[in-house]
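Below you'll find the structure, written out as structure tokens, and then a few comments.
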Amino acid sequence: MGASRVGRQTELTPGAQRVLQAASRLFYERGIHAVGVDLIAAEAGVTKKTLYDRFGSKEQIVVEYLSRRDERWKEFLARRLDAAGPAPRERILSVFDAAREWAQDRSAKGCAMVNAHAEISDPEHPAHPVIVGQKQWMLALFEDLLAQAGAADPGPAARTLMLLHEGALVAHGLDVFADPVAHARRQAEAVLDTVLGPDGGGLR
């Protein structure tokens, strides 16, 4: 199969782009372990040799799939944060608004990182740092937003917001009840009332 190359590729040929597009769809719809390179190559219209020449291994394709999905989410979220304006409370709640839109339009089966972690729990797998790193980034984002809002000790509230956010994504993927991200947003408002006060500015 060839050795897995650690890290991201910066440029992809058209054939490699087709491989990545096919793999991304198949991994998300069917699961990483259930999808082999034969199927990816067939769906992409390339030979297995081309696939291995471009990526080196299936593991590297998984890294690319998750890394690019993470990049798209961060770009999407950045636009929503910019649109929320400077009000600290609205910026924090806009994370949940963005997650709701993203989940409805792009994540029918739930969070790709959570789904991937269910299959990739080995820290030695090259995709493991991508998965864990995305969740660490989300926690740091909540901490930063709370600190910008004036929270003296943003850590505990950030962890609570993180749990609400992640739990809502899992519930969405399982289709446990309707609109879990909206429910999580309402609970986040209660957290912010406690930490920032009902007006969203200043400590309480």
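A distance-only check finds a donor-acceptor pair linking the side chain of H172 to the backbone of A103 [under 3.5 Å]. In this structure a side-chain-to-backbone donor-acceptor pair under 3.5 Å is present from T160 to P156. Although no hydrogens or angles enter the test, the distance criterion places a donor-acceptor pair under 3.5 Å between the side chain of H33 and the main chain of E119. Not one N or O on the side chain of T50 forms a donor-acceptor pair closer than 3.5 Å with the backbone of V46.
The shortest distance between side-chain heavy atoms of V95 and M162 does not fall below 4.5 Å. Considering only heavy atoms from C-beta on, L139 stays 4.5 Å or farther from L161 through its side chain. Counting heavy atoms from C-beta outward, V114 and L169 have side chains that stay 4.5 Å or more apart. Using a 4.5 Å heavy-atom cutoff, the side chains of R100 and Q104 are in contact. Here the side chains of Y52 and I61 are not in contact, with every heavy-atom distance at 4.5 Å or above. Using a 4.5 Å cut-off on side-chain heavy atoms (C-beta onward), H117 and L66 make no contact. Between R30 and L39 there is a side-chain heavy-atom pair separated by less than 4.5 Å. The shortest side-chain heavy-atom distance between V19 and E64 does not fall under the 4.5 Å cut-off.
Ring geometry for W73 against W102 counts as perpendicular: the plane angle is over 60°, on a 0 to 90° scale with 30° as the lower cut. Between F27 and Y65, the ring-plane angle classifies as tilted under the 30° and 60° cut-offs. Between F142 and F96, the ring planes are tilted. Angles from 30° to 60° get that label.
Taken together through direct or relayed side-chain contacts under 4.5 Å among Ile, Leu, Val, Met, Phe, Trp and Tyr, I92 and L77 form part of one hydrophobic cluster. F177 and L174 end up in the same hydrophobic cluster when Ile, Leu, Val, Met, Phe, Trp and Tyr side chains are linked at under 4.5 Å. Under the 4.5 Å side-chain heavy-atom criterion for ILVMFWY residues, a single connected hydrophobic cluster contains both W137 and F76. If you chain together hydrophobic residues whose side chains sit under 4.5 Å apart, M138 and V181 never meet in one group. Cluster annotation: V132 and V63 are assigned to distinct hydrophobic clusters (Ile/Leu/Val/Met/Phe/Trp/Tyr, side-chain heavy-atom contacts under 4.5 Å, transitive).
A distance of 10.5 Å separates CD1 in I131 from CG in D70, rounded to the nearest 0.5 Å. Here CZ of R91 is found 10.0 Å from CG of D144. Values are rounded to the nearest 0.5 Å. Atom CD1 of I40 and atom OG of S24 lie 9.0 Å apart (nearest 0.5 Å). The distance from the CG atom of D53 to the OG1 atom of T47 is 7.5 Å, given to the nearest 0.5 Å.
Judged as a salt bridge (Lys or Arg N to Asp or Glu O under 4.0 Å), and not counting sequence neighbours, K109 has no contacts.
In this structure, R25 forms no cation-pi arrangement with Y28, as its terminal cationic atom is not both closer than 6.0 Å to the ring centre and no more than 45° off the ring axis.
What you find for A184 and L164 is that their closest heavy atoms are CB-O, 3.6 Å. Smallest separation of non-hydrogen atoms from K135 and M113: CE-CB, 3.9 Å. Of all heavy-atom pairs between A147 and P154, the closest is N-CB, 4.1 Å. Across all non-hydrogen atoms, the minimal contact from E143 to A158 is CG-CB, 3.2 Å. In terms of heavy-atom proximity, R80 sits nearest to A98 at CG-CB, 3.7 Å. Across all non-hydrogen atoms, the minimal contact from V62 to H125 is CG1-CE1, 4.4 Å.
Checked for salt-bridge contact, D97 and R185 meet the test: a charged N lies under 4.0 Å from a carboxylate O. Between E43 and R18, none of the side-chain N atoms (NZ, or NE/NH1/NH2) sits under 4.0 Å from a carboxylate O, so this pair counts as no salt bridge. Under a 4.0 Å N-O distance rule, the pair D38/K58 does not qualify as a salt bridge.
Residues R69 and S107 bring a donor and an acceptor atom of their side chains to less than 3.5 Å of each other. For the residue pair T13 and R54, a side-chain donor N or O sits within less than 3.5 Å of a side-chain acceptor on the partner.
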Take E75 and R79, measure what side-chain contact (heavy atoms from CB on, under 4.5 Å) needs, and give me the verdict at the end. CA-CA 6 Å; E75 291 168 358; R79 291 193 295 271; 4.1 Å; yes

Under the criterion side-chain contact (heavy atoms from CB on, under 4.5 Å), I'd like the reasoning laid out for L192 against L146: C-alpha separation, chi angles, the key distance, then a yes or no. CA-CA 9 Å; L192 296 178; L146 284 163; 3.8 Å; yes

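Counting non-hydrogen atoms of other residues, nucleotides and ligands closer than 6.0 Å to CZ of R106 gives a total above 12.
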